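What follows is a single structure, written as structure tokens, with notes after it.
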Amino acid sequence: MVKGFIFGVLATMVVGLLVAYVGITQGLLIPANADAKPSHMERWAASRSLDATIKREMPTQSNPIPPTDTNYLAAIKLYGENCSVCHGVPGERPSSIAIGLYQHAPQLAQHGVEDDEDGETFWKIKHGIRMTGMPAFTRTLADDQIWTLALFLKHMDKLPARPEHAWKALRVPVALAPRSALPSPQPGSTSTR
Ligand code: HEC
């Protein structure tokens with residue numbers, strides 16, 4: 001009786017592993033293309049794991065960079081060079097690169113991260129987000145540059161006049177997605193490019 005039960009459990013495990021193996025090696029369980037819709041399971045696992053990692057690892061200190069015009073302007077320049085290709089700028093359509101990415105890159109001028117703590121944004125920029133297009137900038141930006149970007153992202157909806165002007169004037173340095181590629185009309189997209 002006990003033997004039969006143990007055999008049943010083992011057999012179920014072996015069959016389960018076999019199904020998972022075949023599903024993965026045949027590309028059925030986890031599609032490898034960037035234009036596939038991710039399963040609920042995949043989305044759940046990715047977001048739970050990200051939340052837990054950030055909670056454990058993000059710095060809890062306050063942002064060491066003071067909110068001055070000079071620092072905001074430096075952040076906007078860094079954003080233009082390193083981030084706008086995926087995260088967009090105010091008043092322009094997203095780039096073709098951004099539209100083709102999976103996971104989608106949030107267009108930060110429309111859907112910002114002002115509600116997130118600076119430490120969380122710092123962590124995301126420094127370490128990137130695994131299995132998405134979000135790169136780790138740990139080898140290319142100094143920590144104070146990352147804090148400067150985090151400062152800007154925290155306050156991008158209420159910038160002082162000079163930085164606000166520079167932000168509005170920023171342009172994406174690569175091809176914009178054709179209008180026909182956009183999922184729905186983009187609010188605030190006034191560009192004629
Ligand atoms: C090659 C494309 C790419 C570049 C360049 C890029 N990102 Fe990202 N970023 C992404 C993607 C894709 C995501 C969404 C990841 C996900 O779904 O979890 C993301 C997510 C984020 C998030 C989290 C947004 C949220 O709603 O929680 C922040 C903050 C962020 N990026 C900031 C930056 C900054 C700052 C830069 C420049 C220094 C940058 N990213 C450069 C692709 C990019």
Side-chain angles (χ1 to χ4, degrees), residues 30-60 62-65 67 71-90 92-159 163 166-167 170-177 181-183 186-187:
I30 307 176
N33 46 322
D35 54 0
K37 204 168 180 289
S39 68
H40 281 297
M41 174 74 180
E42 202 180 328
R43 284 212 305 260
W44 175 85
S47 85
R48 279 302 173 87
S49 163
L50 178 65
D51 289 350
T53 309
I54 289 176
K55 218 171 169 185
R56 196 177 57 235
E57 292 187 356
M58 74 178 214
T60 49
S62 53
N63 196 323
I65 306 294
N71 288 334
Y72 283 133
L73 289 169
I76 291 163
K77 184 164 186 291
L78 284 171
Y79 181 98
E81 292 165 351
N82 294 283
C83 323
S84 64
V85 54
C86 292
H87 290 296
V89 296
E92 266 199 331
R93 300 191 302 282
S95 70
S96 297
I97 293 172
I99 284 291
L101 272 178
Y102 157 89
Q103 300 281 333
H104 289 303
Q107 297 301 291
L108 292 174
Q110 277 109 48
H111 309 284
V113 287
E114 294 90 341
D115 291 344
D116 291 348
E117 287 176 47
D118 293 49
E120 176 172 344
T121 300
F122 174 90
W123 187 96
K124 287 177 178 167
I125 302 170
K126 188 170 172 70
H127 300 291
I129 302 178
R130 203 176 174 86
M131 309 266 225
T132 80
M134 176 61 198
F137 286 91
T138 187
R139 293 201 296 170
T140 48
L141 294 177
D143 278 5
D144 61 350
Q145 291 178 305
I146 299 179
W147 279 119
T148 306
L149 277 163
L151 176 85
F152 163 64
L153 292 183
K154 180 81 187 166
H155 300 282
M156 64 169 20
D157 59 345
K158 42 181 181 309
L159 294 170
W167 174 225
L170 207 58
R171 288 293 166 263
V172 175
V174 294
L176 297 179
L182 301 179
Q186 297 284 302

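The shown structure was predicted, so the numbers you read here are calculated from the model rather than taken from an experiment. Both ligands and their constituent atoms are indexed starting at 1 by order of listing.
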Are more than 12 heavy atoms from other residues, nucleotides or ligands located less than 6.0 Å from atom [atom1] of [X]?
| X | atom1 | result |
| --- | --- | --- |
| E42 | CD | yes |
| D115 | CG | no |
| R43 | CZ | yes |
| K158 | NZ | yes |

Nearest non-hydrogen contact with [atom] belongs to which option: [options]?
| atom | options | value |
| --- | --- | --- |
| atom 19 (C) of ligand 1 | R130, R43, H87, M131 | H87 |
| atom 38 (C) of ligand 1 | C83, A136, S95, P106 | C83 |
| atom 42 (C) of ligand 1 | Q145, K124, M134 | M134 |

Worksheet, complete the sentence: Quick look: P135 vs ligand 1, heavy-atom contacts under 4.0 Å, and the answer is side chain
Worksheet item: Counting only heavy atoms, which portion of Y79 has something under 4.0 Å from ligand 1: side chain, backbone, both, or neither?
Response: neither
Worksheet entry | Plane angle bin for H87 and Y79 - parallel if under 30°, tilted between 30 and 60°, otherwise perpendicular | tilted
Give the numbers and elements of all ligand 1 atoms closer than 4.0 Å to a heavy atom of [X].
| X | result |
| --- | --- |
| I125 | 35 (C) |
| I129 | 15 (C), 18 (O) |
| A105 | 10 (C), 11 (C), 12 (C), 42 (C) |
| L149 | 38 (C) |
| G133 | 1 (C), 2 (C), 3 (C), 12 (C), 42 (C), 43 (C) |
| L101 | 2 (C) |

Minimum-distance protein heavy atom relative to [atom]:
| atom | result |
| --- | --- |
| atom 5 (C) of ligand 1 | N82 O, 3.3 Å |
| atom 3 (C) of ligand 1 | C86 SG, 2.7 Å |
| atom 16 (C) of ligand 1 | T132 CG2, 3.8 Å |
| atom 26 (O) of ligand 1 | V113 CG1, 3.7 Å |

Item to complete: Measure from atom 14 (C) of ligand 1 to the protein's non-hydrogen atoms and state whether any distance is below 4.0 Å.
Response: yes
Discussion item. Whether the side chain of Q107 engages the backbone of C86 through a donor-acceptor N/O pair (distance < 3.5 Å, no angle test) should be reported.
Written reply: yes
Worksheet item: Does any N or O in the side chain of E92 come within less than 3.5 Å of the main-chain N or O of V172, such that one atom is a donor and the other an acceptor?
Response: yes
Worksheet item: So is Q103 polar-close to ligand 1, meaning N/O to N/O under 3.5 Å?
Response: no
Worksheet item: Does any N/O atom on H104 come nearer than 3.5 Å to any N/O atom on ligand 1?
Response: no
Item to complete: Begin from the C-alpha positions of N63 and F122 and carry the test side-chain contact (heavy atoms from CB on, under 4.5 Å) through to its verdict.
Response: CA-CA 9 Å; N63 196 323; F122 174 90; over 6 Å; no
Worksheet item: Does a side-chain heavy-atom distance below 4.5 Å link C83 with F152?
Response: no
Fill in: Distance in Å, D143 CG paired with I125 CD1, rounded so as to fall on 0.5 Å steps
11.0 Å
Worksheet entry | Inter-residue atom distance H155.NE2 - D157.CG, 0.5 Å rounding | 9.0 Å
